Protein chains: 2
Amino acid sequence: MNFQQLRIVRETVRRHFNLTEVANELYTAQSGVSKHLKDLEDELGVELFVRRGKRLLGLTEPGKQLLPIVERILLDTQNIKRLSEQFSQQDTGHLALATTHTQARYVLPVVVTRFKQTFPKVHLELRQCGPTEIVTLLRAGQVDIGIATEAVGGEADLVTFPFYQWQHALIVPDDHPLIDVQPLTLEVIADYPLITYHHGYTGRSRIDAAFARAGLTPDVVMSALDADVIKAYVELGLGVGIIAAPAYHPARDAGLRLLDAPSLFEINTTYLALRRGHYLRDYALRFITDCVPALSVEQIKAAVFPKVAIA
Amino acid sequence: MNFQQLRIVRETVRRHFNLTEVANELYTAQSGVSKHLKDLEDELGVELFVRRGKRLLGLTEPGKQLLPIVERILLDTQNIKRLSEQFSQQDTGHLALATTHTQARYVLPVVVTRFKQTFPKVHLELRQCGPTEIVTLLRAGQVDIGIATEAVGGEADLVTFPFYQWQHALIVPDDHPLIDVQPLTLEVIADYPLITYHHGYTGRSRIDAAFARAGLTPDVVMSALDADVIKAYVELGLGVGIIAAPAYHPARDAGLRLLDAPSLFEINTTYLALRRGHYLRDYALRFITDCVPALSVEQIKAAVFPKVAIA
DNA sequence: GATGCTTACGATACCCGTAAAGATA
DNA sequence: TATCTTTACGGGTATCGTAAGCATC
């Protein structure tokens, strides 16, 4: 048994049992992949994969039980690497974040700027993607920190910390009749064509819930992944936009007006998400405490490495 | 990085940084051990060991932080082996117990007999040793289950379950004057020369505590590791024995009488101890539930693999 | 001087990649 | 037929053990 075999096992599951893809992903020959799997099964004396003819279809029962152990070992090898880099190259290294457009574009710039001043030699990788993909990237160990409003809660293998809170607000052209309406109600809004986020993005579910609770069916004529796109179409007069309030900048968004609606929609909380057991460099911990000053490094470590260090 | 290097790191710490011993323990050449350590340090870019000249003296800070991760990885490799044996050879295998003389001699025979009938093909290894050594063996993964009254409580990396309760009692030759004394008190007993267990064995601390609480200083003329030795000297008339009550068999111990003293000494609890994160074969779980029928397999697993499966 | 660590060196075994053949969709 | 997996084979590398050279105690 060696690490390469374990990497192949993990990658085989991730790539849905296509050994050719596995080989490409691991930069090795496909024949070796095949042999490694067979060797491992021989050594353990157990079939790990369900086969039909020559094709792999899935995991056997022992394979299923083996997988989490394999993943933990590989996680620990990464931890060893990060741990030694922590000592060998204090403040240089790599920090990978996965986050949604809203955070990347409107919230993180301040934090990132400060971080880059403190750790100029840390390469910062900002991966922008959807909430569910953030979870995937965290699980795969491809990013250190995830930042999202949706999908990261309630996952047993992730740890989350509240980052900041925000609400949805309306955005309209600055000559729009809604500007003079007081008070703004869901009923009034529902009379206009609406433009807002896709399902699963930036609290869309909260918007739908608010209308549903009021017994209204809003006329969402367009949905987009990010506020910039929404703004563009609001500017064209295609409808009233509903975006995250932090996504509005008075200076940059000339010609548009933000209409706060504090009571209409639920408060959203954006979270920092970490993978349990994923070792974090000092600068990664610092990034987190920069975001949430109320947190201490010890609290973070205690949450990421629960209780006993398991072993 | 490979598994052999990690094994060498672990063993180097265990063998107090004597690489020659490490090589013997791992059945390999000492030169390779030396090279492996150097290679690993080179690969990680960190010195893991403190050296003076050619001698290794201890772990550096990064080495200290690395060690628990290394141990967890090696624990998981054992878990992989056990897990696959679980499937490849259902009811055959190896079960290693570490226990003290009292349990091995007087308590376990019943359980072991039943176990052997159920799992005739499982090789049962019964290692008899002192309480502190039981903890060491559990930690080293050399035994699956520890059974002891002392030393196993309060260790964060161990899980314990109460096995059974017992009390100390007096043992005397069957013509001894104490047989007719009613009620037995510590004061009365303290007038006789006593023979009992060594410190750290079979609840000796409870015996001392009982006399201390009563303001008495008993005259312990001999101490031994096990009840059989104590009995032998009681038989010779050298004193009154204090042994664990389960260690007395009326038939086998002809010529001796057990005098119960329910109120004199505290109740002792003997525990089953397991190492957290140590995978247990089905038959090992069965052994435990045989000992403690109130326990379910799920409860045991939940305690050994806490919360999230970490990974 | 005895013990313990490192380095050098040769044999072995392991791992990888190419290529051909067989199976599957 | 195109894709995918297995098997066979050769080259390269890593690992291991022996032996010699040094450092430490």
Side-chain angles (χ1 to χ4, degrees), chain A residues 1-60 63 67 70 73-74 77 80-81 84, chain B residues 1-60 62-63 66-67 70 73-74 77 80-81 84:
Chain A
M1 186 167 66
N2 59 43
F3 286 116
Q4 179 71 338
Q5 290 170 339
L6 301 186
R7 273 191 293 270
I8 288 173
V9 167
R10 178 178 66 174
E11 209 58 33
T12 300
V13 177
R14 285 191 182 165
R15 302 283 146 188
H16 303 291
F17 310 97
N18 181 327
L19 299 191
T20 308
E21 284 185 34
V22 172
N24 293 335
E25 187 64 26
L26 297 179
Y27 303 101
T28 185
Q30 188 270 327
S31 68
V33 170
S34 182
K35 186 165 189 328
H36 263 314
L37 287 180
K38 182 173 287 284
D39 287 349
L40 183 60
E41 287 182 320
D42 286 349
E43 180 180 341
L44 298 182
V46 180
E47 299 255 312
L48 300 178
F49 297 95
V50 177
R51 291 172 167 84
R52 182 164 61 215
K54 289 192 170 185
R55 300 291 167 104
L56 302 191
L57 297 177
L59 289 169
T60 61
L67 188 62
V70 169
I73 291 178
L74 294 173
T77 63
I80 285 181
K81 287 205 181 68
S84 37
Chain B
M1 186 167 69
N2 58 46
F3 286 116
Q4 179 72 339
Q5 290 170 338
L6 301 186
R7 274 191 293 269
I8 287 173
V9 167
R10 178 180 66 176
E11 208 60 33
T12 300
V13 177
R14 286 193 182 161
R15 301 285 146 188
H16 303 290
F17 310 97
N18 182 324
L19 299 192
T20 308
E21 283 186 33
V22 172
N24 293 334
E25 187 65 25
L26 297 180
Y27 303 104
T28 185
Q30 188 271 327
S31 68
V33 170
S34 185
K35 186 165 188 332
H36 264 313
L37 288 180
K38 182 173 285 285
D39 287 348
L40 183 61
E41 287 182 321
D42 286 348
E43 180 180 342
L44 299 181
V46 179
E47 301 256 312
L48 299 178
F49 297 95
V50 176
R51 292 172 167 82
R52 181 162 61 218
K54 290 191 171 185
R55 300 287 167 107
L56 301 192
L57 297 178
L59 288 171
T60 62
L66 202 79
L67 188 62
V70 170
I73 291 179
L74 294 172
T77 63
I80 285 182
K81 287 205 182 66
S84 37

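If you're wondering where the values come from, they're calculated on a predicted model, not measured in any experiment. All chains are named by letter (A, B, ...) in the order of the sequence lines, taking the proteins before the strands, and each is independently numbered beginning at 1.
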Provide the closest heavy-atom pair for Phe49(B) versus Leu37(B) in the form atom of the first, atom of the second, distance.
CE1-CD2, 3.6 Å
Nearest-Å distance for atom pair CD/C1', residues Glu41(B) and dC5(C)
13 Å
Expressed in angstrom and rounded to an integer, what is the separation of Glu21(A) atom CD from dT3(D) atom C1'?
12 Å
Salt-bridge test for Arg51(B) and Glu41(B): reply yes if a basic N is under 4.0 Å from a carboxylate O, no otherwise.
yes
Find the distance Phe3(B):CZ to dC14(C):C1' and express it as a whole number of Å.
16 Å
At what distance, to the nearest 0.5 angstrom, does CD1 of Ile8(B) lie from OG1 of Thr28(B)?
6.5 Å
Mind calculating the distance between CZ (Phe49(B)) and P (dC5(C)) to the nearest angstrom?
11 Å
Between C1' on dT7(D) and CG on Leu19(A), what's the gap in Å once rounded to a whole number?
14 Å
Please state how far atom CG in Asp42(A) lies from atom P in dT6(D), giving the value in whole angstrom units.
12 Å
CG on Asp39(A) to OG on Ser34(A), rounded to 0.5 Å
9.5 Å
Would you call Lys38(A)-Asp42(A) a salt bridge at under 4.0 Å N-O?
no
Determine the contact category for Phe17(B): base if any of its heavy atoms lies under 4.0 Å from a base atom, sugar-phosphate if only primed atoms, P, OP1 or OP2 are that close, otherwise nothing.
sugar-phosphate
Rounded to whole Å, how long is the line connecting atom CG of Leu56(B) with atom C1' of dT6(C)?
11 Å
Under-4.0 Å side-chain N/O to phosphate OP1/OP2 contact, Asn18(B) with dC5(C):
yes
One should read off an interatomic distance between Leu67(B) CG and Thr12(B) OG1, to the nearest 0.5 angstrom, of 10.0 Å
What does the B/S/- profile of nucleotides 14-25 of chain D look like, 5' to 3', with a 4.0 Å heavy-atom cutoff to protein?
-SSBBB-BBSBS
